[in-house]
Amino acid sequence: MAVKKAFNEMDATWIPGESVGPIVFGSPVKSVSSFLTIERKNFDQEPEDETFCDANDEWMISAENGYISAIDCFRKCFYEGVNLVGLPIEDCLELLGCDRNKTVDDTVWFEDGDQDVYEIDSLGAQIWVFKGRVLSISVMEIYDEDGMTIIHPFRKS
């Protein structure tokens, strides 16, 4: 019997528009059950949308019609060998090729305090920031300008 890896043993390398470690955008959500224990969460969603959290609530997987469309990383999300979670926002933006002084796209109020949200559409990412540091990063499929066509900017032909 195969033993599922703990989150901290799993590869959490993000390839924009493709995957986070072994979790691949566009794959059936059931494909992660071979390496991660997930549970469906009931949020107010459309019937075709589903959300799953791992046993430790360290990441959340969103699916549309049973296929992975977004991943929220709460503890680890490596890009170019650096864990983005916990970085000062300016360092994170610079690593992602953005202006260090990019303005906040949105601010969301939470009981513990406001969180700033930075959107990097070209990479399919939303960076959630609390007190100047990356709290979590939501990554998703990347769409062409038509909003319908999924593109894979980092896939080698």
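Treat the numbers as computed from the prediction; the structure is a model and nothing was measured.
Expressed to the nearest 0.5 Å, how far OG of Ser33 lies from CZ of Phe52 amounts to 10.0 Å. Atom-to-atom distance recorded for Asp54:CG and Leu36:CG is 5.0 Å, nearest 0.5 angstrom. Separating the CD1 atom in Ile71 from the CE atom in Met140 is a distance of 10.0 Å, to the nearest 0.5 Å. The line from CG of Leu84 to CZ of Arg133 is 13.0 Å long, rounded to the nearest 0.5 Å. Separating the CD1 atom in Ile15 from the CZ atom in Phe25 is a distance of 10.0 Å, to the nearest 0.5 Å.
The heavy-atom pair separating Tyr118 from Asp116 by the smallest distance is CE1-CB, 4.0 Å. Across all non-hydrogen atoms, the minimal contact from Pro22 to Asp11 is CD-O, 3.4 Å. Taking both residues in full, the closest heavy atoms of Ala63 and Gly66 are given as CB-C, 4.1 Å, listed atom of the first, atom of the second, then distance. When all heavy atoms are compared, the tightest approach of Gly26 to Glu141 is N-OE2, 3.7 Å.
A continuous path of Ile, Leu, Val, Met, Phe, Trp and Tyr side chains, each step under 4.5 Å between heavy atoms, connects Val134 with Trp59, placing both in one hydrophobic cluster. Put simply, Val20 and Ile120 are part of the same group of oily side chains (I, L, V, M, F, W, Y) that touch within less than 4.5 Å, one to the next. There is no path of hydrophobic side-chain contacts, each under 4.5 Å, that joins Ile89 to Val117. Val129 is connected to Val104 through a chain of hydrophobic side-chain contacts under 4.5 Å among Ile, Leu, Val, Met, Phe, Trp and Tyr, so both are in one cluster.
At least one side-chain heavy atom of Glu119 sits less than 4.5 Å from a side-chain heavy atom of Asp121. Here the side chains of Leu135 and Ile127 are not in contact, with every heavy-atom distance at 4.5 Å or above. The shortest distance between side-chain heavy atoms of Met60 and Phe74 falls below 4.5 Å. Side-chain contact between Ile23 and Ile68 is present, with at least one heavy-atom pair separated by less than 4.5 Å.
The side chain to side chain donor-acceptor pair (under 3.5 Å) search around Lys102 returns Asp105, not counting sequence neighbours.
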side-chain contact (heavy atoms from CB on, under 4.5 Å) between Glu80 and Leu95: does it pass, once the steps are laid out?
-> CA-CA 8 Å; Glu80 295 187 3; Leu95 183 64; 3.8 Å; yes
Verify side-chain contact (heavy atoms from CB on, under 4.5 Å) between Ile61 and Val32, making sure each step is shown before the conclusion.
-> CA-CA 10 Å; Ile61 299 167; Val32 302; 4.2 Å; yes
Checking side-chain contact (heavy atoms from CB on, under 4.5 Å) for the pair Leu96/Leu123: CA distance, chi angles, key distance, verdict?
-> CA-CA 8 Å; Leu96 295 176; Leu123 297 176; 3.9 Å; yes
Go through Asp72 and Ser136 one step at a time and tell me if the side chain to side chain donor-acceptor pair (under 3.5 Å) criterion holds.
-> CA-CA 7 Å; Asp72 294 358; Ser136 67; over 6 Å; no
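Residue pairs meeting the side chain to side chain donor-acceptor pair (under 3.5 Å) criterion with at least one partner in residues 82-91, sequence neighbours excluded, are Asp91-Arg100.
For Tyr79 and Trp14, the ring centers sit closer than 6.0 Å to each other.
Counted within 6.0 Å of OH on Tyr67, heavy atoms from surrounding residues, nucleotides or ligands total 12 or fewer; the atom is thus considered open.
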